[in-house]
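Each remark here refers to the structure printed beneath this line.
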Amino acid sequence: MFLEFRTEVKSVIEKSLDKCGFRAENLDLSPSQHADISSRVAFRLASAERKNPKEIAEKIVEMCEIPENSYIDRIISTGPYINIFAKHRYLEDTLVRIKEDQGRFGGGFCQGKIILEHTSANPNGPLHVGHIRNSVIGDTLYRILKHAGYDVETHYYVNDMGRQIAIVSWALANFDLDGSKKSDHAIADVYIRANAELEKDPDKKREIDRLMQLVESGDVETINRFDRAVDHAIEGIRQTLSMMNIYHDQYVRESDFVRSGAVSDIIEQLKLQGRTKMDDGALVVDLEDYGFEKDLVIQRSDGTSLYTTRDLAYHEWKARQADRVIDVLGADHKLISSQLKTVLSIIGKPEPEIIIFEFVSLPEGSMSTRRGKFITADDLLEQVERQAFSEVDRRRPEMGEDFKKEVSRMVGMAAVRYDIVKVSPEKSTVFDWKQALDFEKQGGPYIQYSHARACSILRKAEEEGIWNAGNGFDGSVLVEDTEIGLIRKMAGLDHAVETASQELKPNIIAIYARELADAFNQFYRFVPVLSSEDEQLCKSRLALVDCSRIVLSEILDILGLEAPESM
RNA sequence: GGGCCUGUAGUGUAGUGGAUAGCACAUAAGCCUCCGGAGCUUAUAUCCUGGGUUCAAAUCCCAGCAGGCCCGCCA
């Protein structure tokens, strides 16, 4: 809704600029605390026009002509700023639109196909609290982009032939797998043991090399062994992801690109560019003129491929099927991903958009699957849910066990996901149990609570027969500050989705969600709904509560959180 | 040693050129016999340091300091 209003404002101001004889390519429009939209264009024009911005703003405002049916109520200048205010009808129409659009409000304005890769952790153990930062950022981004209107396909890129997987496969042949454990945890046990073994006895490294050569050459028995190891780990990882409401459309395997010949094709294309050379038997690409100090190895001296090479083939394949290719990667991939982009552009292929998130470390240092130093996502979810259970038990003692369990599952997951997504990806963080289990007041559960509150009012109103969802209402009677603030906030959903999908920053939506819940709770506190002074007002406020319910459930869905009707 | 990212109340963070630096936790004080108190209101900041660019800098540039990540024929 905000986007439509902004379009009107843009057109009115552009026409005024024309009349004044001013030229500006950017009107510098943004939502503001001083108006529905503000423009700072007068600052931009000041030096070219050799006038002070205040005068320019005044002149622009004077020449503005507001069309008859516009949502614009008035345009005024405040010093150098141009402030634009919307008519009350803008708010009324927002409510109508929310009801009409059910679930799609504030979205659907973008189009195109996107392939989004996220998580892609090595299948050598369970996801830990660092991996799920990738998963939560990736999945939230997926939901944002989908809401914005894109056709989004999510990928988990499975390393099924690298050194780590060879080690897992070797470990399975040498140690017993604990069948009583969750599969990915059992894999981690043998993987850690194998790494310790390899460190003690470096000669064993040759056995690993041999396995990798066999896989690369297509040896069926070894491939099957690798596949079993990978499947076993992925099964557990998939379970963990589903507990967080995260699902991938495709699990794409690295080995597919070796077997299809795509990797050899890429190598041939690079050779044609004359950038490759041999170095100690390995094939390398010289990227020095692009600012990379060292050569990039694309083929080992024994002829086997590397992650980088397979990744090039994978990206070339993705780019052929989508308009945009987006990867969510950890900070350790910064260098390799910029090398990947460079090489792709050298062979004339589109580059992916890459979102880098910084590391989650433990107070005692960084996490490592190999060394067994990590906190698993399963462990985190379990402990948070237990904590949530005691919270629910305390607040709703009268409810049954099933209710408490279900609510603590929804609330626990929301707390974990929101905690991760609210922080900007470029900040590195230190995982702290105390903080993770502290149900911070305005996190995911707070947004869910606001939704449950809205549901509760509607339930009561329905029981009392004062309201049903099909009722008409008159938005013009909603004039309290908190009512207007709440509707304005809801109207701005499209702007939040637009910004988040342009900048690929899911935390923008997390902040929006919290602000929306704030606006709802302020309305709730100051304005009586069921005991409104007259019936018409009561019905309109109920409609507002219903709209809030719809938008809150929508925003919860965009964040991947469930929307309990009672908690 | 080189490269990239980060540095904002006691703590965790939002804000990446413009109007009073937003929020939470913790601390302190308050809120309707009324729709769910996981709520609402109020109090607390040398924006790491030093230079520079600009009409305007937390935001851009340079130098330093602190933390994270990378610089593998690992992924």
Side-chain angles (χ1 to χ4, degrees), chain A residues 28 30 32-34 38 40 43 46-47 52-53 78-81 83 120-122 124 159 162-165 167 209 254 279-284 291-294 297-308 310-311 329-336 338 356-361 366 370 388 391-392 394-396 411 419 422-430 432 435 438-443 445-450 452-461 464 482 507-508 510-511 514-515 517-518 520-532 538 541-542 545 566-567:
Chain A
D28 209 348
S30 63
S32 153
Q33 51 188 325
H34 307 279
S38 294
R40 297 183 293 251
F43 286 111
S47 59
N52 77 54
T78 308
Y81 300 92
N83 288 328
S120 303
N122 276 334
N124 56 3
N159 168 12
R163 170 156 258 117
Q164 278 86 338
I165 303 317
I167 294 171
D209 289 344
E254 286 189 18
D279 182 6
D280 262 339
L283 187 67
V284 302
F292 298 102
E293 282 177 40
K294 295 182 182 169
V297 181
I298 55 169
Q299 197 170 44
R300 294 190 184 95
S301 45
D302 66 1
T304 56
S305 61
L306 288 109
Y307 158 80
T308 320
R310 289 172 238 134
D311 212 22
L329 298 171
D332 52 340
H333 283 67
K334 268 185 227 176
L335 178 63
I336 196 77
S338 57
I356 296 288
F357 67 93
E358 291 291 329
F359 266 46
V360 180
S361 54
S366 56
R370 186 167 49 81
E391 299 279 335
V392 181
R394 186 164 58 79
R395 292 166 215 264
R396 306 293 296 274
V411 164
D419 247 12
K422 73 172 184 192
V423 180
S424 195
E426 66 269 14
K427 303 257 187 188
S428 52
T429 59
V430 177
D432 173 21
Q435 216 178 298
D438 175 25
F439 272 61
E440 200 181 299
K441 292 259 160 54
Q442 299 203 347
Y446 168 74
I447 300 153
Q448 292 177 314
Y449 177 74
S450 309
R453 248 184 170 177
C455 290
S456 170
I457 297 176
L458 296 171
R459 209 180 303 125
K460 190 152 282 184
E464 290 175 19
T482 56
N507 60 310
I508 288 174
I511 291 155
R514 201 214 64 225
E515 287 172 352
D518 282 344
F520 178 74
N521 283 314
Q522 279 157 26
F523 156 75
Y524 179 92
R525 168 67 179 77
F526 286 108
V527 179
V529 177
L530 296 178
S531 50
S532 300
C538 176
R541 283 181 180 159
L542 280 165
V545 173
S566 173
M567 62 187 268

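Quick note on labels: first sequence line is chain A, next is B, and so on, each numbered from 1. All heavy atoms count here, side chains included; hydrogens, waters and symmetry mates do not.
Using a 4.0 Å heavy-atom criterion, one finds that A/Gln448 contacts no nucleic acid atom at all. As judged by a 4.0 angstrom heavy-atom cut-off over every strand, A/Ser424 is placed among residues touching the sugar-phosphate backbone only. Looking at heavy-atom distances under 4.0 Å, A/Asp432 makes no contact with the nucleic acid at all. Here A/Asn52 lies out of heavy-atom contact (under 4.0 Å) with every strand. Here A/Glu464 lies out of heavy-atom contact (under 4.0 Å) with every strand. Counting non-hydrogen atoms under 4.0 angstrom, A/Val297 reaches the backbone sugars and phosphates but no base. Using a 4.0 Å heavy-atom distance criterion, A/Val527 is classed as a base contact. At the heavy-atom level, A/Asn83 lies under 4.0 Å from base atoms of the strands shown. Residue A/Val284 is classed as having no contact, given no heavy-atom separation below 4.0 Å to the nucleic acid. When heavy atoms are screened at a 4.0 angstrom cut-off, A/Ala46 is found touching no nucleic acid atom at all.
Evaluation of the salt bridge (charged side-chain N to carboxylate O under 4.0 Å, His left out) rule for A/Lys422 yields A/Asp419, A/Glu440 as partners, not counting sequence neighbours. Every side-chain contact (heavy atoms from CB on, under 4.5 Å) that A/Ser361 has, sequence neighbours left out, goes to A/Val430. For A/Tyr81, the ring-ring contact (aromatic ring centres under 6.0 Å, His included) test picks out A/Phe43, with sequence neighbours left out. The side-chain hydrogen bond (donor to acceptor under 3.5 Å, both in side chains) check on A/Ser120 picks up A/Glu117, with sequence neighbours excluded. Residues satisfying the salt bridge (charged side-chain N to carboxylate O under 4.0 Å, His left out) test with A/Glu358, not counting sequence neighbours, are A/Lys334. By the side-chain contact (heavy atoms from CB on, under 4.5 Å) test, A/Ser301 is found to be paired with no residue, residues two or more places apart in sequence or in another chain being considered. Remark: A/Tyr524 pairs with no residue by the ring-ring contact (aromatic ring centres under 6.0 Å, His included) rule, at least two apart or across chains. For A/Phe523, the side-chain contact (heavy atoms from CB on, under 4.5 Å) partners are A/Thr482, A/Glu483, A/Leu486, A/Phe520, A/Val527, A/Val529, A/Leu544, A/Val545, not counting sequence neighbours. Checked against salt bridge (charged side-chain N to carboxylate O under 4.0 Å, His left out), A/Asp209 has the following partners two or more places apart in sequence or in another chain: A/Arg163, A/Lys205.
In this pair, A/Phe43 lays its aromatic ring flat on the base of B/rG18, centres within 5.5 Å and planes under 30 degrees apart. A distance cut-off of 5.5 Å between ring centres, combined with a plane angle under 30°, places A/Tyr81 in a stacking arrangement with the base of B/rA19.
Neither OP1 nor OP2 of B/rA75 sits under 4.0 Å from any side-chain N or O of A/Asn124. Taking side-chain N and O atoms only, A/Lys334 has no distance below 4.0 Å to OP1 or OP2 of B/rG3. OP1 or OP2 of B/rA75 sits under 4.0 Å from a side-chain N or O of A/Arg310. Contact check, A/Arg163 against B/rC74: a side-chain N or O comes under 4.0 Å of OP1 or OP2. In this structure, A/Arg459 does not reach the B/rG36 phosphate: none of its side-chain N or O atoms is under 4.0 Å from OP1 or OP2. Contact check, A/Tyr524 against B/rC31: no side-chain N or O comes under 4.0 Å of OP1 or OP2.
Side-chain proximity of A/Arg525 to the nucleotides B/rG39, B/rA19, B/rU6 is greatest for B/rG39. Considering only the side chain of A/His34, B/rA19 comes nearest among B/rC5, B/rA19, B/rC74. Set against B/rA38, B/rC5, B/rA75, the side chain of A/Tyr307 has B/rA75 as its closest nucleotide. In the set B/rC40, B/rC35, B/rG2, B/rC40 carries the atom at the smallest distance from any side-chain atom of A/Gln522. Side chain of A/Lys294, nearest nucleotide from B/rG36, B/rA75, B/rG72: B/rG72. The side chain of A/Ser456 lies closest to B/rG36, out of B/rG68, B/rG18, B/rG36. The side chain of A/Arg453 lies closest to B/rG39, out of B/rC71, B/rG39, B/rA75. The listed nucleotides are B/rG36, B/rG68, B/rA75; the one nearest the side chain of A/Arg396 is B/rG36. Comparing B/rC73, B/rA19, B/rG39 by their nearest atom to the side chain of A/Ser38 picks out B/rA19. Out of B/rA75, B/rC69, B/rC73, the shortest distance to the side chain of A/Ser366 is found at B/rC69.
Classification of A/Glu464 and A/Lys460 as a salt-bridged pair fails, no side-chain N sitting under 4.0 Å from a carboxylate O.
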| task | Any chance you could list the contact pattern along nucleotides 24-29 of chain B? Use B for base contacts, S for sugar-phosphate-only contacts and - for none, protein heavy atoms under 4.0 Å, 5' to 3'. | result | SS----
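In this structure a side-chain-to-backbone donor-acceptor pair under 3.5 Å is missing from A/Arg514 to A/Gln442. Of the possible donor and acceptor atoms, one in the side chain of A/Arg396 sits under 3.5 Å from a partner among the backbone N and O of A/Met567.
For B/rC4, the paired base is B/rG68 (Watson-Crick or G-U wobble, both distances below 3.5 Å). The partner of B/rC23 is B/rG12, by the rule that a Watson-Crick or G-U pair needs both atom distances under 3.5 Å. Across every strand in view, B/rA63 sits in a pair with B/rU49 that passes the Watson-Crick or G-U test at under 3.5 angstrom. Nucleotide B/rG39 is matched to B/rC31 when pairs are restricted to Watson-Crick or G-U wobble geometry with both distances under 3.5 angstrom.
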Pairs under 3.5 Å (N/O, protein and nucleotides 64-66 of chain B):
none

Taking only nitrogen or oxygen atoms into account, show me every contact under 3.5 Å that the protein makes with nucleotides 9-11 of chain B, one pair per line with its distance.
none

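At a cut-off of 3.5 angstrom, counting only N and O atoms as typed in the model, there is no donor on one side facing an acceptor on the other between the side-chain of A/Ser531 and the base of B/rC35.
Annotation: the span from A/Ile165 atom CD1 to A/Asn124 atom CG amounts to 5.5 Å, rounded to 0.5 Å. Here the OG-OH distance, from A/Ser566 to A/Tyr449, works out to 10.5 Å after rounding to the nearest 0.5 Å.
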